[in-house]
Amino acid sequence: MPTKHIANTILNWHQGIERSMPWLFTDDPYQIWISEIILQQTQVSQGTAYFQKFVSLYPSVVDLAATSLDNLLKTWEGLGYNSRARNLHRSAKIIVEQFDGIFPTQFEEIIALPGIGDYTASAISAFAYNQPYVAVDTNVERWVSRYLGIKGYKSSPQLRKDVKAYLLPFVENSMSARNCNQAFIDFGALICKSRKPECTVCPLSDSCYAHSNNQEAQFPQSKPKKKRRHRHFYHYVCIAGDKVLIDYREAQDIWQGMYEFPQIESLNPSRADEIPIDFSGHLKPEGLTSTQQFSQTLTHQIIHATFYTYTVESVFESSSRWITLEELVNLPVSGVVRLYLAQNNHIFKL
DNA sequence: CATACGTGGCG
DNA sequence: TCGCCAAGTAT
């Protein structure tokens, strides 16, 4: 079946669809941008509240550029992949400095911004400016690969390229690139779903390769899975009155830009009765008030975090920083640290 | 091109 | 429970 007919069938189906996500009701490239970054590898149900919070706290790119990275990451906290937030901040500053605070309108300028790749640049170009680009996300990739039976690994550059090439002529000749792209994405999200595709109500099922061969689950191909590695973090929570010792994560590693209690990492679980770091004798066994463990499974690793909570007489000299408990509550922290804080809210009074 | 990067939800 | 998945990008 020609692409034109397939696309028209989807557009026709889309006319009877109602969606209420807040970013669908704006042409503001800034808001479109924020929504697309938030939605990268993130479900609509998880990202919506963050979008509301972002446009409320930072109504314009100028506001975003003016806030501190700490504040931005705190707003981002709980979403994950926070290089997205760091790149959002970098891009906002670039737009203010190089584009006079006006969001760029050309695809080449947009994709040059940090954190924006082919999908996001295409989405902004189509949704905000109605320019003829195809935004191939996981939804679009899925239904096209199933319909045509295209081989290729999920999310691979090659498959995304093939899907884009297939749909581009139609978008270029269509009345509304904006509407086309929204229909293509919604079709994948609502009909050609990942787990339980709605083939019984799909207007294209008769000519779908995957459905005809009962191979809906085979497209797109998934890569062989790798094992997650285990990491053991031992945190030392040193509390002196209303002060606590804190470190900043700046290494090229997980949770870059977030704060944590001083820690050492071990490849293997170590014993809880040791004090591997004692801050030159300032930590004494009798000062240990609790030992708690939390785990968090990430995409490529499993974090086992142990927290030793110590009470000390007074602050001491350290390469780490003493801050008040109130200040701590305003700093971005990882999921495991957030678990620890929530579990000890009698101390940290969140 | 393969791999790393968070978190929450579903089956 | 646990693996897979979610409006991807940088390296």
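Everything quoted here is computed from the prediction, not taken from an experiment.
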Return the 5'-most residue of the pair A/Asp186, A/Pro114 with respect to DNA chain C, ranking by each residue's nearest nucleotide.
A/Asp186
Anything under 3.5 Å between a donor and an acceptor, one on a side chain of residues 39-49 of chain A, the other on a protein residue two or more places apart or in another chain? List them.
{"residue": "A/Gln40", "atom": "NE2", "partner": "A/Gly115", "partner atom": "O", "Å": "3.4"}
{"residue": "A/Gln40", "atom": "NE2", "partner": "A/Thr120", "partner atom": "OG1", "Å": "3.0"}
{"residue": "A/Thr42", "atom": "OG1", "partner": "A/Ile38", "partner atom": "O", "Å": "3.3"}
{"residue": "A/Thr42", "atom": "OG1", "partner": "A/Gln40", "partner atom": "O", "Å": "2.9"}
{"residue": "A/Thr42", "atom": "OG1", "partner": "A/Arg84", "partner atom": "NH1", "Å": "3.0"}
{"residue": "A/Thr42", "atom": "OG1", "partner": "A/Arg84", "partner atom": "NH2", "Å": "3.4"}
{"residue": "A/Thr48", "atom": "OG1", "partner": "A/Val44", "partner atom": "O", "Å": "2.7"}

How is the hydrophobic cluster of A/Ile111 composed, in terms of its other members, when Ile, Leu, Val, Met, Phe, Trp and Tyr link through side-chain heavy atoms under 4.5 Å apart, directly or indirectly?
A/Phe107, A/Tyr133
Please classify the nucleic acid contact of A/Ile38 as base, sugar-phosphate, or nothing, using heavy-atom distances under 4.0 Å.
nothing
Give every residue pair that meets the ring-ring contact (aromatic ring centres under 6.0 Å, His included) criterion with at least one member in residues 62-87 of chain A, sequence neighbours excluded.
A/Phe54-A/Trp76
Could you tell me how far B/dG6 sits from C/dC4 if I compare only their C1' atoms? Round to whole Å.
15 Å
Nearest nucleotide by nearest heavy atom, which residue falls closer to the 5' end of DNA chain B, A/Pro157 or A/Gln252?
A/Pro157
Base contacts versus sugar-phosphate-only contacts with protein, heavy atoms under 4.0 Å: please encode nucleotides 6-11 of chain B as B, S and - from 5' to 3'.
BBBBB-
At under 4.0 Å, does any side-chain N or O of A/His300 touch on OP1 or OP2 of B/dA4?
yes
5' to 3' on DNA chain C, which nucleotides open and close the contacts with chain A (atom under 4.0 Å from a heavy atom)?
C/dG3 to C/dA10
With P as the reference atom in both, quote the distance from B/dG8 to C/dT9 in angstrom, rounded to an integer.
23 Å
Heavy atom of residues 214-227 of chain A under 4.0 Å from DNA chain B: which residues?
A/Lys223, A/Lys226
Side-chain polar contacts of residues 56-63 of chain A - donor-acceptor pairs under 3.5 angstrom, sequence neighbours left out - could you list them?
{"residue": "A/Tyr58", "atom": "OH", "partner": "A/Thr75", "partner atom": "OG1", "Å": "2.8"}
{"residue": "A/Ser60", "atom": "OG", "partner": "A/Val62", "partner atom": "N", "Å": "3.3"}
{"residue": "A/Ser60", "atom": "OG", "partner": "A/Asp63", "partner atom": "N", "Å": "3.3"}
{"residue": "A/Ser60", "atom": "OG", "partner": "A/Asp63", "partner atom": "OD2", "Å": "2.9"}
{"residue": "A/Asp63", "atom": "OD2", "partner": "A/Ser60", "partner atom": "N", "Å": "3.0"}

Between A/Glu198 and A/Lys193, does any side-chain N to carboxylate O distance fall below 4.0 Å?
yes
For DNA chain C, whose closest nucleotide is more 5', that of A/Lys154 or that of A/Ile111?
A/Lys154
Remember a base hit wins even if backbone is also touched, and classify A/Arg142 as base, sugar-phosphate or nothing at under 4.0 Å, heavy atoms.
sugar-phosphate
Using the P atom in both, what is the distance from B/dC5 to C/dA7, to the nearest Å?
22 Å
Just to be sure I understand the rule, does A/Glu141 reach a base, reach only the sugar-phosphate, or reach nothing, if contact means heavy atoms closer than 4.0 Å?
nothing
Taking any heavy-atom pair under 4.0 Å as a contact, classify A/Trp23: base, sugar-phosphate, or nothing.
base
Taking ring-ring contact (aromatic ring centres under 6.0 Å, His included) as the definition, give me every residue that meets it alongside A/Tyr166, ordered by chain and number, with sequence neighbours left out.
none
Can you sort out the partners of A/His89 under ring-ring contact (aromatic ring centres under 6.0 Å, His included), two or more places apart, ordered by chain and number?
none
Sequence neighbours excluded, the answer for side chain to side chain donor-acceptor pair (under 3.5 Å) partners of A/Asp247 is A/Ser320
Ignoring hydrogens and angles, tell me if any N or O in the side chain of A/Arg338 forms a donor-acceptor pair with the backbone of A/Val333 under 3.5 Å.
yes
side-chain hydrogen bond (donor to acceptor under 3.5 Å, both in side chains) pairs touching residues 202-216 of chain A, sequence neighbours excluded, are A/Tyr147-A/Ser207
With A/Arg146, which residues qualify under side chain to side chain donor-acceptor pair (under 3.5 Å), at least two apart?
none
